[in-house]
Amino acid sequence: MKIYNSFSRKKEIFEPNNPEQVNMYICGVTVYDHSHLGHALSSIVFDVLYRYLKYKGYNVKKVQNFTDIDDKIINKAVKEKTSSEIISEKYIKSFFHSMDGLNVLRSNIHPRATEDIQEIINFIKGLIDKGFAYESFGSVYFDVKKFQDYGKLSGNIYFEEYDSSRIDQNYNKKHSNDFALWKTSKDSEPYWDSPWSKGRPGWHIECSAMIKKHLGNQIDIHGGGMDLTFPHHENEIAQSESFTSKKPFVKYWMHNGMLRVKGAEMSKSLGNTYSINEALKNFSSDAIRLWILQSHYRTNPLLDLGLIHSTEKSLIRLRAINSEIIFNPKLEEMNFDRFKKRFIDAMDDDLNTPKAIATIFDLAKMINKSTSTYNVSEGLILFRELSNILGLDYKKLEKESKIDALEIEFMISKRNKARQNKSWEEADLIRDELLSLGIEITDTSEGTKWK
RNA sequence: GGCGACGUGGCCAAGUGGUUUAAGGCGGAGGUCUGCAAAACCUUUAUUCGGCGGUUCGAAUCCGCCCGUCGCCUCCA
């Protein structure tokens, strides 16, 4: 299997540090709002990676954090006259609701920054002891100039010359590009006791501390959005490699592309977001997953609800394969191995899900056209096996029916009477009426079906 | 200013030197089936890959120039 490593900027053969065990860490969300479709993109991509690695026989340990203490959470709590715990708890629940709705498997561990404060403090202490960090007015900063490799992931070395006006002059940092490990708290802000001040952790340190605690000094895969490459992931490398002296901290860096909305990145600060929970009211999880996975994960797709809608249509055929195909054991068995090979070859090539999906559509077509001449049971098993890797479960979008089943059956029998009398106009009228209620009628040799 | 990506049919999107005169999805056209539909299946829908040069026996795929679009560099998946 090959994976594109953002660090080397090349596709590399995937060989975990331990041949049977894969340790992966995915940057989670800051919980101050509902998760949006950009988060769905990232979560689905790494969910598929997780499922595929397990399919390939690895033991996989996946950890995804929650940043549950941060300026934005505090601001929101102030605005809503409540505590940051209540805010973060609310949006963690919302996150899980969204992820369950998208059929994203839970990670093995979902650590929260506030639950690992002691590890974070110990980590910072270690960095100070080793000379990589310094205290300043109760806050602690990482001394970027002490870490020779700074910039090796992102290539951003001379960024301090970019725009010094962006640096908050109130911080007492040695260099503009030093970043906070510990922030002293102001006024009524939440705080934890530390050797330096009552305060809270900086953003980047939690990931370093949690990775060390839950996965060890060196991990196989670290994933997240491209927007995190700098400064977040650059800073993680600086912290972790300085603390443990083990290099590389991460063997494979994976970054998904950013979902765009009419040219701009979808982002909470731009206010152009579309929440996952909202999307799930209008589209099935399969449609959202297929739409996302039909583009390669390193591209920046444009959000277009019409495209998700057309994906929903393409699912009709796949759902029918999953639920309606009847195979005949008396017929000669058909071999479908070539589809499996195509699928695996595609996924082995840096998760080429568009190609993998094309294989599933071709497999579906082959099953459909062969049912009367061959036993397609193995094709069906394979179809479900491959679909599962992509997290497609073929459940329909649950919409509350405005009409109950008995009434539908009554209308259908009424229509069939009309059909027997060859009163086609009346029959079509009833069909249209049912359609307007969201009920689709299909006349088959075994009678009329509806869904 | 620095780092980087991309430009493929009406739309979305794979493919990155020869089995590709370009996969798959949506949409369009015709057909089988049907009372008519729907679904399914069959046929069809880019001699062409932003433009111009070059390398090569051979390029959408490599190189150069030009045009255009976009991402990151600041909290963000």
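Within every chain, numbering begins at 1; the chains are lettered A, B, ... in the order of the sequence lines, protein sequences first and strands thereafter. Any value given below was found using the heavy atoms of this structure, including those in side chains, with hydrogens, waters and symmetry copies removed.
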Starting at atom [atom1] of [X], determine the distance to atom [atom2] of [N], rounded to an integer number of angstrom.
{"X": "Trp450(A)", "N": "A37(B)", "atom1": "CH2", "atom2": "C1'", "value": "19 Å"}
{"X": "His296(A)", "N": "C6(B)", "atom1": "NE2", "atom2": "C1'", "value": "13 Å"}
{"X": "Ile441(A)", "N": "A37(B)", "atom1": "CD1", "atom2": "P", "value": "17 Å"}
{"X": "Leu302(A)", "N": "C6(B)", "atom1": "CG", "atom2": "C1'", "value": "14 Å"}
{"X": "Asp178(A)", "N": "U74(B)", "atom1": "CG", "atom2": "P", "value": "14 Å"}
{"X": "Tyr150(A)", "N": "C73(B)", "atom1": "OH", "atom2": "C1'", "value": "11 Å"}
{"X": "Trp291(A)", "N": "C12(B)", "atom1": "CH2", "atom2": "P", "value": "13 Å"}
{"X": "Ile276(A)", "N": "A77(B)", "atom1": "CD1", "atom2": "P", "value": "11 Å"}

message: Classify the ring geometry of Phe147(A) against Phe142(A): parallel below 30°, tilted from 30° to 60°, perpendicular beyond 60°.
response: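 Judged by the thresholds at 30° and 60°, the geometry between Phe147(A) and Phe142(A) is perpendicular.
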Would you verify whether the NZ or CZ of [X] falls within 45 degrees of the ring axis of [Y] while also being under 6.0 Å from that six-membered ring's centre?
{"X": "Arg317(A)", "Y": "Phe361(A)", "value": "no"}
{"X": "Arg298(A)", "Y": "Tyr4(A)", "value": "yes"}
{"X": "Lys62(A)", "Y": "Tyr50(A)", "value": "yes"}

Looking only at atom [atom1], what distance separates [N] and [M], rounded to whole Å?
{"N": "A40(B)", "M": "A22(B)", "atom1": "C1'", "answer": "27 Å"}
{"N": "G64(B)", "M": "U55(B)", "atom1": "P", "answer": "15 Å"}
{"N": "A46(B)", "M": "A23(B)", "atom1": "P", "answer": "10 Å"}
{"N": "C33(B)", "M": "C42(B)", "atom1": "P", "answer": "16 Å"}
{"N": "G18(B)", "M": "G58(B)", "atom1": "C1'", "answer": "7 Å"}
{"N": "A39(B)", "M": "U47(B)", "atom1": "C1'", "answer": "35 Å"}
{"N": "C70(B)", "M": "G25(B)", "atom1": "P", "answer": "30 Å"}
{"N": "G4(B)", "M": "C65(B)", "atom1": "P", "answer": "15 Å"}

query: When the nearest nucleotide of RNA chain B is assigned to Lys369(A) and to Ala320(A) on a heavy-atom basis, which residue is associated with the more 5' position?
result: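 The residue whose closest nucleotide sits nearer the 5' end is Ala320(A).
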message: Between Gly224(A) and Thr229(A), which residue's closest nucleotide on RNA chain B lies nearer the 5′ terminus?
response: Thr229(A)
message: Please report the interatomic distance CG(Leu181(A)) to CD1(Ile124(A)), rounded to the nearest 0.5 Å.
response: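 The CD1 atom of Ile124(A) is 5.0 Å from CG of Leu181(A), to the nearest 0.5 Å.
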Under 3.5 Å, which donor-acceptor pairs do the side chains of residues 324-334 of chain A form with other protein atoms, sequence neighbours left out?
residue	atom	partner	partner atom	Å
Asn328(A)	OD1	Lys330(A)	N	3.0

task: Give a yes/no on whether any side-chain N or O of Asn352(A) is located under 4.0 angstrom from OP1 or OP2 of A14(B).
output: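 Answer no for this pair, as no side-chain N or O of Asn352(A) is under 4.0 Å from OP1 or OP2.
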Pairing of [X] and [Y] as salt bridge, 4.0 angstrom limit:
{"X": "Arg415(A)", "Y": "Asp428(A)", "answer": "no"}
{"X": "Asp345(A)", "Y": "Lys355(A)", "answer": "no"}
{"X": "Lys2(A)", "Y": "Glu12(A)", "answer": "no"}
{"X": "Asp362(A)", "Y": "Arg342(A)", "answer": "yes"}

- request: Sugar-phosphate atoms are those with a prime plus P, OP1 and OP2; base atoms are the rest. Using that split, label each nucleotide of nucleotides 22-35 of chain B B, S or - for protein heavy atoms under 4.0 Å, 5' to 3'.
  value: -BSSSS-------B
task: Note every stem involving RNA chain B: at least three consecutive Watson-Crick or G-U wobble pairs, i with j then i+1 with j-1, with both distances under 3.5 Å.
output: B:1-7 with B:67-73, B:10-12 with B:24-26, B:27-32 with B:40-45, B:50-54 with B:62-66
- prompt: What nucleic acid atoms does Asn256(A) come within less than 4.0 Å of, heavy atoms only: base, sugar-phosphate, or nothing?
  reply: base
message: So Glu440(A), base contact, sugar-phosphate only, or nothing? Heavy-atom distance under 4.0 Å.
response: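 Since only primed, P, OP1 and OP2 atoms lie under 4.0 Å of Glu440(A), the category is sugar-phosphate.
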field: Closest to the Leu41(A) side chain, choosing from C75(B), A13(B), A77(B)
entry: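 Ranking C75(B), A13(B), A77(B) by closest atom to the Leu41(A) side chain puts A77(B) first.
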- prompt: Which nucleotide sits closest to the side chain of Arg9(A): A77(B), G4(B), C75(B)?
  reply: G4(B)
message: Could you check whether any side-chain N or O of Asp220(A) sits under 3.5 Å from a backbone N or O of Asn23(A), counting only pairs where one atom can act as donor and the other as acceptor?
response: yes
